[in-house]
Amino acid sequence: MAILKILQYPDERLHTVAAPVNAVTDRTRTLIQNMAETMYAAPGIGLAATQVDVHERIIVIDISEARDQLHVFINPEIISHNGDLEYEEGCLSVPGIYGKVRRAESVTVSALNTEGKPFTLEASGLMAICIQHEMDHLEGKVFVEYWSAFKQSRVLAKLKKKQRSTM
Ligand code: K1U
Ligand code: ZN
């Protein structure tokens with residue numbers, strides 16, 4: 001297994017729209033194992049393939065305390081959603097920045113599993129939030145892009161300042 005490099009905002013590659021996976025192969029499964037290892041090491045509760053510069057529609061999520069309930073979604077689609085919820089989000093591609101985003105409170109997602117078999121999952125609360133955050137990455141959208149232009153400019157300034165201090 002391998003820990004992959006996570007793209008950092010405002011890297012333009014984070015704005016790439018990911019392509020559907022045509023066939024779930026051993027190469028797909030190796031990528032998924034590496035994504036899971038990268039997410040656990042970060043540590044994070046989710047990761048989209050976009051964040052590791054692979055522009056295929058794959059996400060991994062584990063919101064469990066014990067870090068032993070990995071969910072893999074290949075070609076995920078939200079088939080229904082309900083309610084709304086504002087949640088303080090973070091992102092491994094935007095380290096040190098946290099803020100609220102309003103999303104659906106519950107979602108039903110259809111996807112393929114690691115064997116290429118279709119399944120559906122009903123999720124609510126943090127799981128639903130995380131699925132939507134990761135699916136946004138597959139569309140090339142980063143959570144801070146829900147915020148006002150002013151707030152986004154402050155995020156960019158903060159990240160630039162942080163970058164200068166680590167050079
Ligand atoms: O997409 C990502 O960069 C992962 C992101 C997922 C996420 C977090 C919060 C709301 C929505 C989506 C993260 O995992 S940020 C890190 C984080 O939230 C966390 C890390 C360790 C333990 C618990 C949470
Ligand atoms: Zn993210």
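Both counts, for ligands and for their atoms, begin at 1 and track the order of listing. Numbering starts at 1 and runs along the sequence shown. Here the structure is a predicted model, which is why all the values come from computation and not from measurement.
- Atom 4 (C) of ligand 1 has its closest protein heavy atom at Gly46 O, 3.0 Å.
- Separation of atoms CD (Gln51) and OG1 (Thr38) is listed at 10.5 Å; rounding is to 0.5 Å.
- Residue-environment remark: CD (Glu65) stays at or below the threshold of 12 foreign heavy atoms within 6.0 Å.
- Taking any N or O of Ile45, backbone or side chain, at least one lies under 3.5 Å from an N or O belonging to ligand 1.
- In this structure, CD in Glu56 is found 9.5 Å from CG in Asn75, a value given to the nearest 0.5 Å.
- Looking only at protein heavy atoms, the nearest one to atom 6 (C) of ligand 1 is Glu134 OE2, 3.4 Å.
- Heavy-atom neighbours of Glu77 CD from other residues, nucleotides or ligands within 6.0 Å: at or below the threshold of 12.
- For atom 3 (O) of ligand 1, the closest non-hydrogen atom of the protein is Leu92 N, 2.6 Å.
- Around atom NZ of Lys151, more than 12 heavy atoms belonging to other residues, nucleotides or ligands sit under 6.0 Å away.
- The angle Cys91:SG - the Zn ion (ligand 2) - His133:NE2 amounts to 120°, with values rounded to 10 degrees.
- When only interatomic distances are considered, the shortest N/O to N/O separation between Gln51 and ligand 1 falls below 3.5 Å.
- The ligand atoms of ligand 1 that sit less than 4.0 angstrom from a heavy atom of His137 are 1 (O).
- Its N, O or S atom nearest to the Zn ion (ligand 2) is what matters here, and for His137 that atom is NE2.
- Of the heavy atoms in Met39, none comes closer than 4.0 Å to ligand 1.
- Phe119 and Ile59 fall within the same hydrophobic cluster, defined by Ile, Leu, Val, Met, Phe, Trp and Tyr side-chain heavy atoms under 4.5 Å apart, directly or through other members.
- For a threshold of 3.5 Å applied to N or O pairs, the pair formed by Glu89 and ligand 1 contains no separation below that value.
- Heavy-atom proximity to Gly44, at under 4.0 Å, picks out these atoms of ligand 1: 14 (O), 20 (C).
- Between Pro43 and ligand 1, no pair of N/O atoms sits closer than 3.5 Å.
- With Leu14 as the partner, the side-chain contact (heavy atoms from CB on, under 4.5 Å) test is satisfied by one option alone out of Val94, Leu7, Asp53: Leu7.
- Remark: minimum distance from atom 9 (C) of ligand 1 to any protein heavy atom is reached at Gly90 N, 3.7 Å.
- With respect to atom 11 (C) of ligand 1, the closest heavy atom belonging to the protein is His133 ND1, 3.7 Å.
- By the 6.0 Å contact criterion, NE2 on His81 is open, its count of non-hydrogen atoms from other residues, nucleotides or ligands being 12 or less.
- A salt bridge does not link Glu134 with Arg57: none of the charged nitrogens is closer than 4.0 Å to a carboxylate oxygen.
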